[in-house]
S.K.: 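The structure follows.
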Amino acid sequence: MDYQFKDIEQKWQQFWADNQTFKVENNSTKPKYYVMDMFPYPSGAGLHVGHPLGYIASDIFARYKRLRGFNVLHPMGYDSFGLPAEQYAIQTGQHPSVTTEDNIATYRRQLDQIGFSFDWSREVRTSSPDYYKWTQWIFMQLFNSWYNKAAGKAESIEKLVEHFATSGSKGIDAVSDEDTLTFTADEWKALPYKTQQEELLKYRLTYLRESTVNWCAALGTVLANDEVKDGFSERGGYPVEQKKMMQWSMRITAYAERLLQGLDTIDWPEPLKEMQRNWIGKSTGASVRFGIDKTTLQSPITADYIEVFTTRVDTIFGVTFLVIAPEHELVEALTTPEQKADIEAYITQTKKKSELDRMADTKTVSGAFTGSYVLNPLNGEKIPVWIADYVLAGYGTGAVMAVPSGDQRDYLFAKHFNLPIVPIIDIQNIETEADPTKEGKYINSDFINGLAYKEATAAVVAKLEEVGAGKAKVNFRMRDAIFGRQRYWGEPVPVYFKDGLPYLISETELPLLLPEIDKYLPTETGEPPLGRATDWKHPEGEYELSTMPGWAGSSWYWYRYMDAHNDQEFASKEAIEYWKDVDLYIGGSEHATGHLLYSRFWNKFLKDIGFVVEEEPFKKLINQGMIQGRSNFVYRLIDAEGRGTNTFISHGLLADHKTSPIHVDVNIVKNDVLDLDKFKAWRPEFADAEFVLENGKYVCGHEVEKMSKRYYNVVNPDDIANQYGADTLRMYEMFLGPLEQSKPWNTNGIEGVFKFLRKFWRLFHDEQWNFRVTDEAPTKAELKSLHKIIRKVEEDIERFSFNTSVSSFMIAVNELTDLKCNKRAILQDLVIILAPYAPHITEELWTLLGNAAGTLSYAAYPTFNPEYLVEDEFAYPISVNGKTKMNLSISLSLDQKDIEALVLANADVQKYLDGKTPKKLIVVKGRIVNIVV
RNA sequence: GCCUGGGUGGUGGAACUGGUAGACACGCAGGACUUAAAAUCCUGUUCGCCUUAAAGCGAGUGCGGGUUCGAUUCCCGCCCCAGGUACCA
């Protein structure tokens with residue numbers, strides 16, 4: 001029979017499901033291998049062709065590893081809590097769990113159609129109570145822990161309490177809030193219970209913190225930064241104000257150093273690691289306190305100094321002004337009456353600027369003088385204090401010591417406002433711009449004059465410490481992560497409040513179920529949606545009303561796959577000790593600093609408290625590129641009055657007509673040629689459309705854009721699978737180009753892949769489509785083809801170069817077709833090698849070859865034998881001055897000298913030399929001959 | 001602005017360690033089969049020049065330089081595109 005992909009694919013998908021072919025056990029004599037994909041959020045739009053790209057790659061890898069004798073864990077699940085479902089619920093009143101359920105069913109159907117080898121018995125859903133029970137449980141462990149810097153890890157809060165009770169706060173080196181108390185053991189014991197608890201909250205790894213949020217009173221909710229435009233909500237355009245709010249936070253900063261160091265131990269793409277490094281943002285420097293000169297201030301001020309962080313403390317004698325952020329808490333107090341108007345005008349101006357404007361505009365210098373001064377702690381010099389929007393409130397202390405001779409921004413600022421620029425290093429050239437050099441000796445710098453960078457820095461830090469005005473400090477850019485959302489569709493926080501204190505519910509009360517509410521909106525008093533729940537009250541107090549953020553459930557899910565149905569633990573010790581970590585993780589780079597950082601954080605925490613065994617969760621990570629949409633256009637003719645007609649001009653003829661482009665559904669266009677009948681049927685307004693054709697065809701224009709419904713460029717994998725089959729879809733997505741590269745989707749080449757599979761099928765069949773394979777001994781040429789592909793695919797898979805292996809399969813099948821090879825000895829091995837890429841057609845042929853159904857997935861992978869590829873001759877390219885002129889076959893057993901002689905004696909070579917004597921002859925054995933004349 | 005990745009035929013791409021640029025596929029053109037179409041198969045296909053043809057010549061991997069016997073690959077400078085982004089002191 002001809003290649004009937006529909007029957008074959010349905011048959012084998014059913015077989016795998018019925019026989020649980022890919023179910024994997026938590027113990028085996030085989031070595032383990034864990035291949036995981038970033039699980040999807042099940043959106044209402046369903047899967048588009050961009051999603052499966054990574055899944056196909058990981059599935060090929062998983063199937064390959066299985067063939068190579070590994071016990072492979074390859075699971076899939078759903079990140080099913082999230083905003084879109086809630087938004088939909090607000091609009092339609094449908095419960096998010098209902099729409100989520102529907103969407104998951106669609107995803108599952110679409111995934112099944114592509115023939116993935118997932119072990120579905122381990123499926124997880126973050127929104128399922130069985131799952132979020134453990135998300136809540138981990139939250140409780142974090143609440144019950146603090147970070148002991150001395151031990152270099154998280155420990156139980158009990159240990160901290162014990163220490164307080166025996167030794168007070170002395171000897172505690174912890175990551176904590178800034179404002180912790182100092183006390184003796186007796187003083188601790190004497191503290192009221194509430195004060196003790198408040199104190200402990202300053203140490204817990206999850207804690208309450210007041211943070212500013214974008215509050216939109218009209219919508220009654222908190223908005224994300226990108227939902228706010230110029231101080232108004234993007235949705236509705238209502239005013240947004242900064243509001244302080246008590247929120248749950250995660251003390252991820254405790255792990256900053258370990259998160260940074262860990263990057264050196266994992267096999268991730270370097271750009272992605274770089275992103276994480278930059279996000280963590282470690283900088284070594286010093287904090288310096290500049291005393292406020294109160295003699296010039298007319299109003300009283302509580303603060304005594306402005307603290308700055310600098311990485312160049314050695315330049316402190318070059319400081320000629322201080323710049324603080326317009327949002328700095330001291331701005332108002334420092335502003336003198338004369339400067340008040342200036343400062344207020346500047347602050348108003350800053351608020352109008354969007355983040356993007358502030359970033360792109362490095363050329364405009366702006367700022368305003370507060371009228372106040374601080375004193376240089378080392379020489380007592382009076383230094384003016386300015387505000388400027390290039391200083392950000394959120395980083396460091398929100399204040400900068402400006403050294404215009406060494407920093408270009410400070411330099412421009414000083415030039416613009418006519419502030420002094422003092423050179424501090426002898427070789428510094430500051431005529432036209434700042435010179436940040438660290439070479440040379442210091443000048444104009446008091447006691448470090450004549451010193452070099454290293455000694456100077458040490459001397460300044462020592463002096464600052466001596467006078468109590470500063471100290472060496474490591475600063476991280478990374479902030480603690482807010483861990484709460486004023487939303488409904490998320491995990492409830494397992495906490496209730498009594499007398500203003502948070503208490504964990506008991507473990508036996510887990511999971512704390514999400515209550516039913518009447519509508520998915522904030523309450524009239526501005527409480528989160530959970531405030532609407534009736535009869536939802538802890539016996540001891542009021543439940544927390546915010547829910548966990550989107551990243552909670554995804555920060556540990558790889559452990560749940562290891563033991564997905566355990567109701568005693570998030571995963572058993574045995575399962576974790578067996579699977580350990582994810583060997584290969586494939587997903588998009590948009591999660592570089594969110595999910596991938598939080599996951600590493602939770603993993604390190606779980607290791608600290610002894611529940612997991614590996615410091616890093618994902619040993620190797622590959623980013624798949626984004627698949628962009630390729631839109632098609634038709635061109636509507638514009639008549640003399642400038643009105644659109646119902647006539648459409650083919651792309652090649654546009655120059656002669658006035659037209660306007662219209663997006664057309666890519667699904668009714670093939671290779672940029674419009675299907676006229678489908679176009680007429682597409683929309684009623686086009687039913688009478690007329691066309692100006694070129695060569696009898698209507699050719700569409702095209703553009704690369706985001707894949708989106710409104711551009712009519714969304715391609716659904718179902719359509720491809722229906723038309724060409726899953727095996728073609730799988731191979732085509734790989735054939736499209738390098739996995740890690742972003743590329744537009746187009747189906748231009750899909751016929752080639754489909755034809756390849758038919759050609760492969762035909763190798764096993766005669767002219768009349770009868771299955772016909774012989775047991776004859778293979779020829780040398782056939783063995784060569786086979787072993788070439790064995791080696792090539794092995795190399796390609798190991799370096800995740802799937803596109804090149806698809807090409808190689810085509811070459812192999814072309815060669816074997818030319819050789820008219822239908823020998824079992826060759827074809828059976830070829831079936832195994834191709835199986836990870838095209839699992840359905842290969843399963844069918846595998847059984848036709850007489851093997852037991854379903855055994856292909858665990859067959860023995862063919863071994864490469866280099867002997868079949870040994871050549872005795874090589875067609876040397878002969879080049880003259882680097883330009884290839886001809887080929888010359890020469891035995892590979894000859895040595896350098898013989899080759900040289902042979903080449904020079906050749907008549908054709910002599911012709912190219914044209915009587916000239918070669919200056920030099922380069923012979924690279926087995927590669928090239930180059931004659932220099 | 002900064003960081004990262006990229007720029008190769010009409011198109012997607014290949015060339016893995018500096019060694020035959022354009023594998024493989026699409027598209028296109030021509031041909032075979034067919035009453036016809038689809039399907040299939042065969043041939044050609046980087047560009048320019050010359051040629052009846054065979055063959056030949058020249059240019060060519062974003063642009064300009066450099067290193068080298070030899071550069072898509074390494075170095076310097078520039079332009080453009082994509083993604084990320086936090087003026088990070």
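Order of the sequence lines fixes the chain letters, A, B, ..., with proteins taken first and strands second; residue numbering starts at 1 for each chain. Owing to the predicted nature of the structure, the values given are computational and were not obtained by experimental measurement.
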S.K.: Side chain of A/Pro877: nearest nucleotide among B/rU20, B/rC26, B/rC69?
M.R.: B/rU20
S.K.: From C-beta outward on A/Tyr390, which listed nucleotide comes closest to its side chain: B/rC69, B/rC87, B/rG12?
M.R.: B/rC87
S.K.: Of all the choices, B/rU20, B/rC41, B/rA89, which nucleotide is nearest to the side chain of A/Ile928 once you look at every atom?
M.R.: B/rU20
S.K.: Looking at the base of B/rC24, is there any donor atom on it, or on the side chain of A/Asn814, that sits under 3.5 Å from an acceptor on the other one?
M.R.: no
S.K.: Could you please name the option among B/rG5, B/rG19, B/rU20 that lies closest to any side-chain atom of A/Pro271?
M.R.: B/rG5
S.K.: Is the NZ atom of A/Lys784 crowded by more than 12 outside heavy atoms at less than 6.0 Å?
M.R.: no
S.K.: Return the nearest nucleotide to the side chain of A/Ile811; candidates are B/rC87, B/rC24, B/rC41.
M.R.: B/rC24
S.K.: Give the nucleotide from the list B/rG13, B/rA14, B/rA89 with an atom nearest to the side chain of A/Thr804.
M.R.: B/rA14
S.K.: Give none if B/rU11 has no partner; otherwise give the nucleotide forming a Watson-Crick or G-U wobble pair with it, both distances under 3.5 Å.
M.R.: B/rA25
S.K.: Would you say CD of A/Gln4 has more than 12 non-hydrogen atoms from neighbouring residues, nucleotides or ligands within 6.0 angstrom?
M.R.: yes
S.K.: How far does the C1' atom of B/rC2 sit from the matching atom of B/rA14, given to the nearest Å?
M.R.: 34 Å
S.K.: Closest approach to the side chain of A/Asn930, judged atom by atom: which nucleotide of B/rU20, B/rC69, B/rA89 is it?
M.R.: B/rC69
S.K.: When both hydrogen-bonding distances must be under 3.5 Å and the geometry is Watson-Crick or G-U wobble, what is B/rA55 paired with, if anything?
M.R.: none
S.K.: Is there a Watson-Crick or G-U wobble partner for B/rA32 with both distances under 3.5 Å, and which nucleotide is it?
M.R.: B/rU40
S.K.: With a 3.5 Å distance limit and no angle check, can you tell me whether A/Asp410 reaches the backbone of A/Val403 through a side-chain donor-acceptor pair?
M.R.: yes
S.K.: With respect to the side chain of A/Phe735, which nucleotide from B/rG13, B/rC24, B/rU40 is positioned closest?
M.R.: B/rC24
S.K.: Between B/rC41, B/rA15, B/rA25, which nucleotide gets closest to the side-chain atoms of A/Met810?
M.R.: B/rA25
S.K.: Between the side chains of A/Arg277 and A/Glu270, is the shortest nitrogen-to-carboxylate-oxygen separation below 4.0 Å, so that they form an ion pair?
M.R.: yes
S.K.: For A/Ser808, which contact category applies under a 4.0 Å heavy-atom criterion: base, sugar-phosphate, or nothing?
M.R.: nothing
S.K.: So for A/Asn748 and B/rC26, does any side-chain atom that can act as donor or acceptor lie under 3.5 Å from a complementary atom in the base?
M.R.: no
S.K.: Which part of the nucleic acid, if any, lies within contact of A/Arg758, taking any heavy atom under 4.0 Å across all strands shown: a base, the sugar-phosphate backbone alone, or nothing?
M.R.: sugar-phosphate
S.K.: Please check if the distance between the ring centroids of A/Phe809 and A/Phe760 is under 6.0 Å.
M.R.: no
